[in-house]
Colleague: 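Have a look at this one.
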Amino acid sequence: EAGVTQSPTHLIKTRGQQATLRCSPISGHTSVYWYQQALGLGLQFLLWYDEGEERNRGNFPPRFSGRQFPNYSSELNVNALELEDSALYLCASPSRTSFSNEQYFGPGTRLTVT
Amino acid sequence: QKEVEQNSGPLSVPEGAIASLNCTYSDRVSQSFFWYRQYSGKSPELIMSIYSNGDKEDGRFTAQLNKASQYVSLLIRDSQPSDSATYLCAVYKAAGNKLTFGGGTRVLVKP
């Protein structure tokens, strides 16, 4: 089965602009998780989408938002970019075994805000 | 207190030796525990999952879980230079259905 895919690989924006990141989960899976990995802050949970709905969000301001499409792919939008939004943004998909709670990551999108 | 804590390292081990990584977590309701390996500039790769107390072995990796002590560890036997990476401990809780990660331990295996 195909793994988690993300695009673009790299994204360079200036402060105040908006960034849009995309993710497709493992085929057949309805859940998508977004994480941010910023230098010095570790990997932090951002958002969880399932069946087209936002199910949970981490401790991030409202300018971090997203959506999930009928085909279960997802989009993360970051508005009014700030320098500290520079990070690796990772999308994850659960495994086929529903009880395992394992999550598999895509290759990530490196966002640089200048 | 952070929810998941790891020693940041670097943990330097000679090739062929055993690398021992530790992780503690604060919430007793945590259900599942994972170890991810992350090479520089790459995304995390799941290498071990453990759900019940005791040891779980997979190739050169052994995960150990002690829920009473809220402690999970990873042993890497016969360490190779290719094991040089950052190892992330992650804890799952059903509430919120999310993973919480430790800061990671950087491992350097020297030939």
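These figures come from a predicted structure and were not determined experimentally. Throughout, a chain's letter reflects where its sequence line sits, starting with A, and its residues are numbered from 1.
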Colleague: Working to the nearest 0.5 angstrom, can you tell me the gap between A:Glu102 CD and B:Tyr36 OH?
Modeller: 7.5 Å
Colleague: Shorter than 4.5 Å, heavy atoms on both sides: which option in A:Asn56, A:Leu41, A:Asp50 has the most such pairs with chain B?
Modeller: A:Asn56
Colleague: With a 4.5 Å cut-off on side-chain heavy atoms, are A:Phe45 and B:Thr100 touching?
Modeller: no
Colleague: Does a side chain donor of either A:Asn101 or B:Tyr51 reach within less than 3.5 Å of an acceptor in the other side chain?
Modeller: no
Colleague: Would you mind checking which part of A:Gln6 comes under 4.5 Å of any heavy atom in chain B, side chain (CB onward), backbone (N, CA, C, O), both or neither?
Modeller: neither
Colleague: Any chance CG of A:Leu39 has more than 12 other-residue heavy atoms, nucleotides or ligands included, within less than 6.0 Å?
Modeller: no
Colleague: Looking at A:Gly108, A:Pro107, A:Ala92, which one has more heavy-atom pairs under 4.5 Å with chain B than the rest?
Modeller: A:Pro107
Colleague: How about A:Asn59: does its CG atom have over 12 heavy atoms from other parts shown lying under 6.0 Å from it?
Modeller: no
Colleague: Does atom NZ of B:Lys67 have more than 12 heavy-atom neighbours, drawn from other residues, nucleotides or ligands, at distances under 6.0 Å?
Modeller: yes
Colleague: Tell me whether B:Trp35 is reachable from B:Val4 by hopping between hydrophobic residues (I, L, V, M, F, W, Y) whose side-chain heavy atoms are closer than 4.5 Å.
Modeller: yes
Colleague: Tell me if the CZ atom of B:Arg60 is crowded by more than 12 foreign heavy atoms within 6.0 Å.
Modeller: yes
Colleague: Name the region of B:Leu99, side chain, backbone, both or neither, that has any atom closer than 4.5 Å to a heavy atom of chain A.
Modeller: both
Colleague: Quick one: pull up NZ in B:Lys98 and CG in A:Leu46 and give me the separation to the nearest 0.5 Å.
Modeller: 11.0 Å
Colleague: Can you tell which part of B:Gln38 gets under 4.5 Å to a heavy atom of chain A, answering side chain, backbone, both or neither?
Modeller: side chain
Colleague: Pick one of side chain, backbone, both or neither for A:Leu43, based on which atoms fall under 4.5 Å of a heavy atom in chain B.
Modeller: both
Colleague: Taking a hydrophobic cluster as the set of Ile, Leu, Val, Met, Phe, Trp and Tyr residues connected by side-chain heavy atoms closer than 4.5 Å, whether directly or through intermediates, do A:Phe60 and B:Phe101 fall within one such cluster?
Modeller: no
Colleague: Between CD of A:Gln103 and CZ of B:Phe34, what distance do you get to the nearest 0.5 Å?
Modeller: 7.5 Å
Colleague: Looking at B:Arg106, I want to see if its CZ is surrounded by more than 12 non-hydrogen atoms of other residues, nucleotides or ligands under 6.0 Å.
Modeller: no
Colleague: Identify whether B:Leu74 and B:Leu46 are in the same connected component of the hydrophobic contact network (ILVMFWY, side-chain heavy atoms under 4.5 Å).
Modeller: no
